[in-house]
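Order of the sequence lines sets the chain letters (A, B, ...), proteins ahead of strands, with each chain counted from 1.
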Number of protein chains: 2
Amino acid sequence: MRRTPVGRQTRARGIPEATVARLPLYLRALTALSERSVPTVSSEELAAAAGVNSAKLRKDFSYLGSYGTRGVGYDVEYLVYQISRELGLTQDWPVVIVGIGNLGHALANYGGFASRGFRVAALLDADPAVVGSSAAGLPVRHMDELESIVESQQVSIGVITTPPGAAQQVCDRLVEAGVTSILNFAPTVLTVPDGVDVRKVDLSIELQILAFHEQRKAGEEPEDEREEEPAPSRAANPVRAAAAKLRRAAGGSAKPEAKPEKTDKAQKSAAGNDHERPAVMPA
Amino acid sequence: MRRTPVGRQTRARGIPEATVARLPLYLRALTALSERSVPTVSSEELAAAAGVNSAKLRKDFSYLGSYGTRGVGYDVEYLVYQISRELGLTQDWPVVIVGIGNLGHALANYGGFASRGFRVAALLDADPAVVGSSAAGLPVRHMDELESIVESQQVSIGVITTPPGAAQQVCDRLVEAGVTSILNFAPTVLTVPDGVDVRKVDLSIELQILAFHEQRKAGEEPEDEREEEPAPSRAANPVRAAAAKLRRAAGGSAKPEAKPEKTDKAQKSAAGNDHERPAVMPA
DNA sequence: ATGCGTTTGTGAACGTGTGCACAAAGATGG
DNA sequence: CCATCTTTGTGCACACGTTCACAAACGCAT
Ligand SMILES: NC(=O)c1ccc[n+]([C@@H]2O[C@H](COP(=O)([O-])OP(=O)(O)OC[C@H]3O[C@@H](n4cnc5c(N)ncnc54)[C@H](O)[C@@H]3O)[C@@H](O)[C@H]2O)c1
Ligand SMILES: NC(=O)c1ccc[n+]([C@@H]2O[C@H](COP(=O)([O-])OP(=O)(O)OC[C@H]3O[C@@H](n4cnc5c(N)ncnc54)[C@H](O)[C@@H]3O)[C@@H](O)[C@H]2O)c1
């Protein structure tokens, strides 16, 4: 019997988000084992292949059920099936890609797309110069066809690879057409109604995070293996003093009222538990 | 031998990782405000623009110091500077991209690269047919030049866009050459020595996570109406509701809570959905 | 059957992240 | 100067995630 701890309703079913994010990782490792006809695998081995802690892996699997055999390990084929089923990969997921520029082209050509049940239903663009060309054997169709495509092919996942300025607009249109999951490559904060999932892939953010750690490594490590430039004046830390000065210089007479097109403070509306548009447009 | 993949050593004076990951988001919103010459911004406004909770934003900023003014908010320019400095964006970060195929080309052409101090130092590939061509005005150079480029240009960040099979090998070579931060687009678990940071961008994983939630959305509710959350904003979107119903009617599946017995395994052919995929391709 | 070595599944401790709520700090107006 | 209003900075409680450690379960040999 499944014993589900009740008491809170945050997650409908008890698979933690962190676990869900790791299941594809396990699945990939298991698929590789399956191709080599490995019959069973221990949590230790599989965890090593997936680059995670073995206890974490076992706990993750425990959310799916008791699929292992003590003293032996996990049946590879069976686990592949169970994870696939849990992730919803036993069915086909048609996907539309909107914005067939540099990145959209690359994604359209990406073989790993179809390998897990994700099928490119259509490539869409708004530029007449792009519409009509083809990418990866698929024709690029005009945005006007979005609604009919989404409906006829039951598309529930959309990928946005348009410039940032068009992303929210494209997103709105996708949602309106019936798409309920969006993968956003544009560096924009998307606002969507409840029930729609958005995940973002942001190269710039990843690089900035790397830069942060890189700077820390360079600045705090006493040992210096290779010769670097003479430590670019890492502004010491009299920042508080500079703060007042800078604030004073910037302040002067400038006030929020200088903004003509927005009634800036009017939309405070504290009790906001619903999602509305951001107060200021991100770019 | 392999040590712990990533030695997460929490520094005493460290900024939480979750905060670091959000700083670029704040920075982007602040930059947009700066371009519009907005002098100050409250945590509420900025949080809305960045799509986060305002208390979280304030706590994030509190790790950087007390840079706000009570009753007023934060000075935009000053905060841009502080976050940039904290992230290490006040200096230039040369980057090499290895594997100039579909994705490598797109990245090379990406304007957002240079906009934050990340400069493409070189494009590298192993294929003689690709070497010598150019992408985004930069010549594609041969892997043999990697070491000299990394050393002469002080490259500490490498981007891997090779096929999965070559990723670990390329990674090893990057590390050997002196690169200490890697952004990996190949669906591979990279093993690196201590002191080297790896971040990955994995389209396939993102899609699978979306598919999981999508499946849940489609399968967890009874046919009639759902009554699970107190969110009142429900009837405001008839189109989406209709789309969901249509989709539900098309592909129900998603057996609710079919607890499988452990004894009868090897039921992988039981997926009588669309068509059975052996899942053999590397994602 | 019994014992032994192996490995799972999970309780429990611990660490990290989130969000509420509010006192304190500063601006603003009188 | 004081009163009032706005917004920050943070204590606190709780939710979530990670890791340890070990009893129970299982295969296998005797
Ligand atoms: N190229 C990269 O490597 C890369 C990396 C990270 C993020 N991004 C982001 O991905 C997005 C796309 O980048 P790109 O380099 O491919 O840009 P791009 O300019 O090459 O392509 C954008 C495409 O979107 C189309 N488009 C514009 N407005 C549209 C609309 N309203 N509806 C439909 N289509 C529309 C354009 O016609 C164009 O074909 C950008 O937001 C960029 O910031 C790109
Ligand atoms: N194309 C996409 O949209 C996309 C999306 C997600 C992930 N990925 C992943 O990104 C990677 C690249 O994808 P792609 O579509 O650009 O592939 P691709 O085949 O078009 O390009 C790969 C490039 O890497 C080069 N290469 C191969 N081995 C190398 C080596 N040892 N050293 C240096 N260069 C080498 C090849 O010559 C080729 O130019 C793959 O791992 C893929 O799984 C791609």
Side-chain angles (χ1 to χ4, degrees), chain A residues 2-11 14-23 39-48 50-75 78-79 240 243-244 247-248 251-257 264-266 268-273 279, chain B residues 4-12 14-23 39-48 50-75 78-79 262-263 265:
Chain A
R2 186 178 302 276
R3 183 174 54 86
T4 308
V6 286
R8 50 181 178 79
Q9 198 68 17
T10 50
R11 286 283 173 263
I15 299 185
E17 195 58 31
T19 295
V20 173
R22 281 188 294 267
L23 289 181
T40 62
V41 65
S42 70
S43 64
E44 205 75 42
E45 293 168 321
L46 186 55
V52 303
N53 182 294
S54 70
K56 194 189 297 185
L57 178 142
R58 288 197 298 275
K59 182 146 286 191
D60 284 341
F61 286 172
S62 77
Y63 294 115
L64 309 185
S66 297
Y67 294 149
T69 303
R70 296 174 190 228
V72 175
Y74 299 90
D75 182 283
Y78 185 63
L79 205 45
R240 283 309 291 261
R247 201 172 297 131
R248 201 137 314 182
S253 63
K255 300 186 70 165
E257 62 175 328
D264 37 30
K265 308 232 174 185
K268 181 186 171 187
S269 69
N273 55 357
Chain B
T4 46
V6 178
R8 184 56 58 201
Q9 180 70 26
T10 307
R11 303 280 181 182
I15 299 175
E17 195 59 31
T19 295
V20 173
R22 280 188 295 268
L23 290 181
T40 62
V41 66
S42 72
S43 64
E44 204 77 41
E45 293 168 323
L46 186 55
V52 303
N53 181 292
S54 69
K56 194 191 295 184
L57 178 143
R58 287 196 299 274
K59 184 151 290 188
D60 284 342
F61 286 172
S62 79
Y63 293 116
L64 308 184
S66 296
Y67 295 151
T69 304
R70 299 179 188 219
V72 175
Y74 298 89
D75 182 284
Y78 185 63
L79 205 45
K262 285 180 61 180
T263 49
K265 295 184 178 180

The criterion is ring pair (Phe, Tyr, Trp, His ring centres under 6.0 Å); which residues satisfy it with B:Tyr74, sequence neighbours excluded? B:Phe61
Please report the shortest heavy-atom distance between [X] and [Y], naming the atom on each side.
X       : Y       : answer
B:Ser54 : B:Ser43 : CB-O, 3.8 Å
A:Val41 : A:Leu46 : CG2-N, 3.7 Å
A:Tyr63 : A:Gly14 : CD2-O, 3.5 Å

In whole Å, I'd like the distance from the [atom1] atom of [X] to the [atom2] atom of [N].
X       : N      : atom1 : atom2 : answer
B:Tyr67 : D:dG9  : OH    : P     : 11 Å
B:Asp60 : C:dT18 : CG    : C1'   : 10 Å
A:Leu64 : C:dT10 : CG    : P     : 12 Å
A:Asp75 : D:dG27 : CG    : C1'   : 15 Å
B:Glu44 : D:dG9  : CD    : P     : 14 Å

By nearest-nucleotide position on DNA chain D, the 5'-leaning member of A:Gly71 and A:Thr19 is A:Thr19
Report the residues that fulfil salt bridge (charged side-chain N to carboxylate O under 4.0 Å, His left out) with B:Arg22, sequence neighbours left out, ordered by chain and then residue number. B:Asp60
Please state whether the phosphate of C:dT16, meaning OP1 or OP2, lies under 4.0 angstrom from any side-chain nitrogen or oxygen of B:Tyr63. no
Distance check: side-chain N/O of A:Ser43 vs OP1/OP2 of C:dT8, anything under 4.0 Å? yes
Calculate, to the nearest 0.5 Å, the distance between atoms CG and CG belonging to B:Leu64 and B:Leu79 respectively. 7.5 Å
Listed by chain and number, what are the side-chain contact (heavy atoms from CB on, under 4.5 Å) partners of [X], not counting sequence neighbours?
X       : value
B:Ala21 : A:Ile209
A:Pro39 : none
B:Ser62 : B:Lys59
A:Ser42 : A:Glu44, A:Glu45

What does the list of N/O pairs under 3.5 Å between the protein and nucleotides 19-23 of chain D look like, with a distance for each?
from, atom 1, to, atom 2, distance (Å)
D:dT19, OP2, A:Lys56, NZ, 3.2
D:dT19, O4, A:Lys59, NZ, 3.3
D:dA21, N6, A:Arg58, NH2, 3.3

State, yes or no, whether a side-chain contact exists between A:Thr40 and A:Thr69 at a heavy-atom distance under 4.5 Å. no
For DNA chain C, the dot-bracket pattern of Watson-Crick and G-U pairs whose distances stay under 3.5 Å, | for other-strand partners: ||||||||||||||||||||||||||||||
Under 3.5 Å, which N/O atoms of the protein pair with N/O atoms of nucleotides 28-30 of chain D?
none

Report which part of the nucleic acid B:Phe61 touches: base, sugar-phosphate, or nothing (heavy-atom distance under 4.0 Å, all strands). nothing
